[in-house]
Amino acid sequence: MFSPAIRKPHLVHRREKEEATPSPPPPAPAHSPSPGGFALSNRPATGTPAPWTSSSLLARISTSKQTDRAGDSDQIQPVRVAEFPQIVRNAQANLLQKNFSGKNTLVGGIDKETSLAWMICGNELYVWSYLSSVSKDCLVLDVPSSLMGNKDTESLCGNQWTLCIMRWGSSSATRESEEMLHRRSSTGVVLCNRRTQAIAYWPDIYDESSKSPALSLFDHSVTSPSDGISASYRFNSLIATSIPGGIHECIAIASEPTGALWLFQCSPAGILRREVHRDTLGDNGTDHHQRNGGGRSLAWLPSDISFEAADRKFFLLTNHGIQCWSISLLHGNNVKKIVSQEIVGTDGELGIKKDIAGQKNIWLLDMQIDEHGKEFSILVATLCKDRVSGSNYTQYSLLTMLYKSNQKFSSEDNVAKCERFLEKKAPSQVIIPKARVEDEDFLFSMRLKSGGKPSGSVIILSGDGTATVAIYWRGSTRLYQFDLPWDAGKVLDASIIPSAEDRDEGAWVVLTEKAGVWAIPEKAVLVGGVEPPERSLSRKGSCNEAVAEEKRRSQAFSASVVPRRVSSEAWSSGDRQRPAFTGIAQQVVVDEEAEMLLNRLFHDFILSGAVHEALQKLRVAGAFEKEGEMNVFVRVSKSIVNTLSKHWTTTREAEFLASTIVSSLSEKRQKHEKFLQFLVLSKCHEELSSKHRAAMLSVMEHGEKLSGVIQLRELQNALIQQRSSTHLSPQSKTPTAGALWNLIQLVGEKARRNTVLLMDRDNAEVFYSRVSDIEDLFYCLSHQLRYIITGEEHPSVQMQHALELSNACVTLVQSALYYREEHKDWYPSPEGLITWNSQPVVRSGIWTLASSVMELLREPGAADMPMKSNLWSQLEGLTDMLLEGYMGLLTAKFERGEEHGGLVQEYCERRDELLGSLYDLAKQIIEAKYQESREGNDNLDLKESIFREVTSPILATAKRHEGYQTLWQICYDISDTVLLRNLMHDSVGPHGGFSFYVFKQLINNGQHAKLLRLGEEFQEELASFLKDRKDLLWLHEIFLNQFSTASETLHTCALRLSSGEDADLTSDRKSLSFVERRRLLYLSKIAATAGKDVDYEMKVARIEADIRLLKLQEEIVQHDPEYAEGKYTGKLLRPSELIEMCMKGGRELSLKAFEVFGWTSSSFRSSNRGLLETCWTNAANQDDWVQLSQASISEGWSDEATQESLQGTVLFNASRLCYSQDAVVFDGTFEEVLPVRKEDVYARGVESKCFSVEEVLMQHDVFPDAGKLMMTAVVMGKELSYTEPADDQPVEMDS
């Protein structure tokens, strides 16, 4: 692949004659080599070397398998991307007719960011998009004569030009989509004459009013002859970037071989030039022998990696290292050097080690930075001396360095220091170990490009027009040199095809002098590449003449190797090429023998109708071993629906192309039906349906997609006929222009960019051929819809585009689903299988389109009602499609046992938004139809009839997908309780279904009466719903005659501590007041009495006790200082809290604590025995027992006097309240928890750790002095009867 054709002097004259004809390149020659074995007749003397003349190629091609593997050999050849525009062809011909015999009269390039190709012919600059297979739109700019320099042969050298292109005001994604749709966007161009240092700037090449560029010419009179560069280029590198916030303003930076840097500030008003640095090498340019060792290459650091938005970093490759510079784009365009790092030095760990044995010189030729700003690739040439033979040779290598983006540089007085900001990623990768020795001019003409496929590969362009791809693969370096079987001229530039899926890497693409733009498939590099030979990267051949002689001998045996042009016809339709060859190790191995056998059996079936024991043969061949997309049945089915027609070409008329598409789709449908018949008759269908359900589903889905694509094509034909029959607007260049056509262009272009072998096909051809990849249509809707429905267009135009796209999607999916219904008996069991219309990419595309439609429909006055009505109908179809896709996926995930909570939430949110938008617009349509139909007078029946007719499909969709909000709104707006009740009966889903939703809405609206009336018909549903609403549940239970249950509900509701315990459904419920609680308790008592259960008396007693406790709280809290502030107006306190409050309240409340204990339960008293003991201690503290004891002794109290004196003590009253025979205590007695005397503890057998009242008092401080009197008060209180005060406070039942 690296050997040039043997040049024959007698062919030169013939070549000059042939070049004068502006015809396309001839086809590959189909003749045999000359008898000499080393020359071909009619072979041009120069041009790209012929691939069949390479011995390395012959070694790779096996003639025994050539016929069988023709498709694979095609895939390792270049693929045509685009021909030159005719205007460029004519300019090339005119240039040749003017007898310019210079070798480098043409110059051109490819801009990676904009995908624009450019070429200078004579004094004209041509710019066009190369991504279109037929480049029709080409812009011509006149290059001013002052920019051309001296009109001699030398000044016309093509290498003297360099050009930078900038797109204004658009992101990379926007530019990419505009390129796919071939739309022009504002673009600026900077053209530089490297020899004269003249600059031309076009602010917008597409603006007719600014075709004249701004110029900046250099006064060479100020240049000293001692500069030593009069015969060399004054600029060797140029970079440019736009200024943030500026209008058509940019800056350009150029470097000289001496090391000087120049800054150009370009604007529509003119160009400002200034020298920002005189000498980057530090020797003031005095070493003129190193004039080509100064600034070698400039490169921007990607803008998103730069440390500040207003600053940009760029790097300069010098003869020995890399310098990092910074420019301020908004503050005077100040340029300063930040840091530099030596690459060629004594430390091999930093880069390249010099001064080793056999090494004579090292050149850093070019540098590239990847799009992430992480890797620097440097092309290195080393002049070496062979120790054995003593001959010199050149070694080419590639050095990869890693950039530290977060590196902080130390700088003092703005003087940059030599610090490490790059790290060596790996040892240098040798590209060619021994190549011929070239002069410096040739070495410095080499350019390096990175970022193409395969990942990690680079392409090297030499000054004489060769392009070599290098990659380190499988432990060795492999080289692939671009080659065509005919003279394509030199390779002018190389780039990568921008990916349509936001991937960084694309296929390599080259611009040739004569043959247009060609792409290099990834497989061509991996399979067609060879190990590095001892040859040069130039056209001058090898340094070893024996290699050339070997080549000449091998040509005698190459007669049978006839190269041919490669196109998409070699593309294997059954294989998707998207991530095809990112690594052979990652390829899925396909059972080719089984696939070939299946194809042969199917072919025999088509011819004879017999299956010939196909099932047994396929089982033996292992056809049933793989699942999913790698199953051979799926692959064969895919190849059927994805077949490219051989006779499709880009030179055919549109009408012929349209008829070809239709006939091809029809043939595919017939063949796929035949394939299904073959599967059934051969019993393979039964085997697949039972054991390989996913594979069988994929086969059937191919039929679905094909049916959808056929209907989509019919829709497009109808749209084309409709447009051709109406007056076309001036903006419409072709009758095919439209939203659907733009979408097809985007999908086809995406496929072409991801599959290099399709680059020579039209976008529509590719779209209608890749049937199995119809999901790409929805991908483009999801990611690029804003470029089809643009905000710059009138709202009515946007609606028309949205209508067209919606109609296309609905037609496509509905046709596929109709096919599924029609062939339902052919499908496998669906459990756990995910269909194509449920895939995330499909749902995302439909949702994006539906969201755009909803947004358009919300705009007031955007279009008339008929247009809105049509768009509303399409939105209805999109809604149904999207929700059905969600349901299918949810069902499959549920059957698989996979988590689907997030998907359910997304489904519900989008369902409610879609149905709500549909219903809002439906009401507008209803009103419009009503106004048209009524005859002056209001007719409510007519309006209701129209309402039911219009909302019928929405009602059906909402009912099917549990759109309860929409169902409620429809029933509420027409006040149709019959419909509401029917829907409540029918819509029984999770969480109570529609019934629960209706109940919740009634509660939120405060319509409790309607809620309870519905409970008459939906008794169980309402009872289940009101479990969290005790304040309403008891009413429903009363209606159901469940009095005991209602009593419990009322009792629970009355004792609710706070409003937040059961306020899940309503947030505005207030805390109950004491009166309300008491009323609920009395109602609970009445309900318990009415129920008369077995234990209703016990329930009534408990209710009465709670009533007493409630009354006690009312009395106790009145003594609290915070009561006046409203703290305890309705809050229910726990008994323990009340008791604590009583002990803090003094003598009056200390007795209330025992009352609280009495109305609680036995379990409460037992669990709070310590608190009860504290209450007795507190009761003893309320009286002066020492004084009483002294008085009783000094006055000699009798029994009557003692009793009369002790009746006023708290101990006496507490004992009478707790232990007297008439004491009212609920659920047990105090004796069970705390007996009065110590001996009662052991007599009753109470647990040993239980104290008595006597033991509690014995621990009191005054017990030694007054203990006898204290116990006398307790005993006397126990013996007297206790009379409970009457509760004469009425209960306000109606409050």
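Bear in mind that the values here come from a model prediction, so they are computed numbers and not experimental data.
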Please determine whether a side-chain nitrogen of the Lys or Arg among E371 and K112 lies less than 4.0 Å from a carboxylate oxygen of the Asp or Glu.
yes

Lys/Arg N to Asp/Glu carboxylate O, E375 vs K425, below 4.0 Å
yes

If you define the side chain from C-beta out and look only at heavy atoms, does anything of [X] sit under 4.5 Å from [Y]?
X: L191; Y: P213; value: no
X: Q265; Y: R274; value: yes
X: I322; Y: I343; value: yes
X: I165; Y: T187; value: yes
X: W363; Y: R296; value: no
X: V458; Y: Y472; value: no
X: I251; Y: C266; value: no
X: Q323; Y: V339; value: no

Looking only at heavy atoms, what is the nearest atom pair of [X] and [Y], with distance?
X: I471; Y: S455; answer: CD1-O, 3.8 Å
X: G108; Y: D493; answer: O-CB, 4.0 Å
X: L383; Y: T394; answer: CD1-OG1, 4.3 Å
X: C121; Y: L106; answer: SG-CD2, 3.7 Å
X: S326; Y: D311; answer: OG-CB, 4.3 Å
X: K385; Y: Y393; answer: C-CE2, 4.0 Å

Distance from [X] atom [atom1] to [Y] atom [atom2], nearest 0.5 Å?
X: Y396; Y: L479; atom1: OH; atom2: CG; answer: 12.0 Å
X: I459; Y: W508; atom1: CD1; atom2: CH2; answer: 6.0 Å
X: F315; Y: I369; atom1: CZ; atom2: CD1; answer: 5.5 Å
X: I496; Y: I520; atom1: CD1; atom2: CD1; answer: 12.5 Å
X: L238; Y: S255; atom1: CG; atom2: OG; answer: 8.5 Å
X: L125; Y: L147; atom1: CG; atom2: CG; answer: 10.0 Å

Closer than 3.5 angstrom, by distance alone: can the side chain of [X] be matched with the main-chain N or O of [Y] as a donor-acceptor pair?
X: S237; Y: L298; answer: yes
X: Q341; Y: F421; answer: yes
X: S428; Y: L398; answer: no
X: N193; Y: W161; answer: no
X: S297; Y: D366; answer: no
X: R273; Y: S216; answer: yes

Pair R447, I460 - check side-chain contact (heavy atoms from CB on, under 4.5 Å), show working.
CA-CA 6 Å; R447 289 172 293 159; I460 303 167; over 6 Å; no

Is it the case that S186 and R167 place a side-chain donor and acceptor less than 3.5 Å from each other?
no

Under 6.0 Å between the ring centres of H277 and W262?
no

Partners of E249 by salt bridge (charged side-chain N to carboxylate O under 4.0 Å, His left out), sequence neighbours excluded?
none

Give a yes or no on whether I247 atom CD1 has more than 12 heavy-atom contacts from other residues, nucleotides or ligands under 6.0 Å away.
no

Please evaluate residues V127 and W202 with respect to the criterion side-chain contact (heavy atoms from CB on, under 4.5 Å), reporting the C-alpha separation (whole Å), side-chain torsions for both, the decisive distance (0.1 Å), and the verdict.
CA-CA 12 Å; V127 183; W202 286 268; over 6 Å; no

Trace of the side-chain contact (heavy atoms from CB on, under 4.5 Å) decision for L329 with R312
CA-CA 7 Å; L329 300 179; R312 285 291 301 271; 3.5 Å; yes

In sequence, state the C-alpha distance, the side-chain angles, and the governing distance for V380 and L365, and then conclude on side-chain contact (heavy atoms from CB on, under 4.5 Å).
CA-CA 6 Å; V380 183; L365 303 181; over 6 Å; no

As a quick check of understanding, evaluate ring-ring contact (aromatic ring centres under 6.0 Å, His included) for F264 and Y201, giving each step before the final call.
CA-CA 10 Å; F264 300 90; Y201 172 62; over 10 Å; no

For W300, enumerate each residue passing the side-chain hydrogen bond (donor to acceptor under 3.5 Å, both in side chains) test, keeping only those at least two apart in sequence or located in another chain.
none

Residues that S495 engages under side-chain hydrogen bond (donor to acceptor under 3.5 Å, both in side chains), provided they are two or more places apart:
none

Does the cation-pi check pass for K374 over Y403, that is, NZ or CZ under 6.0 Å from the six-membered ring centre and within 45° of its axis?
no

